[in-house]
Amino acid sequence: MSSPLLGLHHVALICADYPRSRDFYVRVLGLTVLAEHYRDARDSWKLDLGLPDGGQLELFSFPEPPPRPSRPEAQGLRHLAFRVVALEPVIERLSAEGVVCEPIRVDEYTGRRFTFFADPDGLPLELYEMA
């Protein structure tokens with residue numbers, strides 16, 4: 001029996017500082033703004049961001065969100081991984097913005113290279129080289 005799931009539509013993230021996280025995902029990572037709404041009743045923002053493959057990130061803000069319990073072995077989402085053609089140009093772009101990437105590693109099963117860095121709230125993000 002095949003799965004009725006067609007793929008990943010979006011991943012939702014809650015940030016502590018909306019302007020800081022918006023700048024990081026839009027300017028630093030280069031994601032496209034699809035829609036942005038302020039929800040007065042919740043005192044929160046919702047930002048829909050597009051990836052080139054059609055996937056989306058939803059960025060939310062809420063007053064006083066609790067911090068993430070630990071990195072990265074807390075239950076729930078461990079990290080987000082982004083496909084890239086080559087690691088070095090993306091690492092250089094991030095480095096120019098003051099974002100620190102871990103040393104490049106090689107996946108022991110696929111032989112592909114990858115690295116980790118963090119968003120402004122400490123959420124682990126991965127770059128996974130597809131070339």
Which residues pass the salt bridge (charged side-chain N to carboxylate O under 4.0 Å, His left out) test with Arg39, not counting sequence neighbours?
none

According to side-chain hydrogen bond (donor to acceptor under 3.5 Å, both in side chains), who are the partners of Asp53, at least two apart in sequence or on a separate chain?
Arg83

Rounded to the nearest 0.5 Å, how far does CD1 of Ile91 lie from CD1 of Ile104?
4.0 Å

d(Leu31 CG, Phe82 CZ) to nearest 0.5 Å is 6.0 Å

Who are the side-chain hydrogen bond (donor to acceptor under 3.5 Å, both in side chains) partners of Glu129, not counting sequence neighbours?
Arg113

Taking every non-hydrogen atom, the tightest pair across Thr115 and Pro103
OG1-O, 3.9 Å

Answer yes or no: is there a side-chain heavy-atom contact under 4.5 Å between Val90 and Phe117?
no

Mind checking what makes salt bridge (charged side-chain N to carboxylate O under 4.0 Å, His left out) contact with Arg93, not counting sequence neighbours?
none

Checking Arg42 now: which residues fulfil side-chain hydrogen bond (donor to acceptor under 3.5 Å, both in side chains) with it, not counting sequence neighbours?
none

Can you see which heavy atom on Leu49 is nearest to which on Tyr25, and at what distance?
CD1-CB, 3.6 Å

Could you tell me which non-hydrogen atom of Ala86 sits nearest to which non-hydrogen atom of Pro89, and how far apart they are?
O-CD, 3.5 Å

Only one of Leu47, Leu59, Leu123 passes side chain to side chain contact (heavy atoms under 4.5 Å, CB included) with Ser21, and that residue is Leu59

Side chain to side chain, Leu127 and Leu94, heavy atoms closer than 4.5 Å:
yes

ILVMFWY clustering at 4.5 Å (side-chain atoms), partners of Leu34:
none

Is it possible for you to say whether Leu29 and Phe60 belong to one hydrophobic cluster, with membership spreading through side-chain heavy-atom contacts below 4.5 Å?
no

With sequence neighbours left out, write down each residue that passes salt bridge (charged side-chain N to carboxylate O under 4.0 Å, His left out) with Asp48, or none if nothing qualifies.
Lys46

Parallel, tilted or perpendicular: which describes the rings of Phe116 and Phe114, with under 30° parallel and over 60° perpendicular?
perpendicular

Could you list the donor-acceptor pairs under 3.5 angstrom formed by side chains in residues 9-18, with sequence neighbours left out?
residue, atom, partner, partner atom, Å
His10, NE2, Glu58, OE1, 3.4
Asp17, OD1, Arg20, N, 3.2
Tyr18, OH, Glu36, OE2, 2.5

Please enumerate all residues that pass salt bridge (charged side-chain N to carboxylate O under 4.0 Å, His left out) together with Asp107, with sequence neighbours excluded.
none

How close do Met130 and Arg112 get, heavy atom to heavy atom, and via which atoms?
O-NH1, 2.6 Å

Those residues at least two apart in sequence (or on a different chain) that pass ring-ring contact (aromatic ring centres under 6.0 Å, His included) with Tyr38 are Trp45

Suppose we screen for ring-ring contact (aromatic ring centres under 6.0 Å, His included). Which residues come up paired with Phe24, at least two apart in sequence or across chains?
none

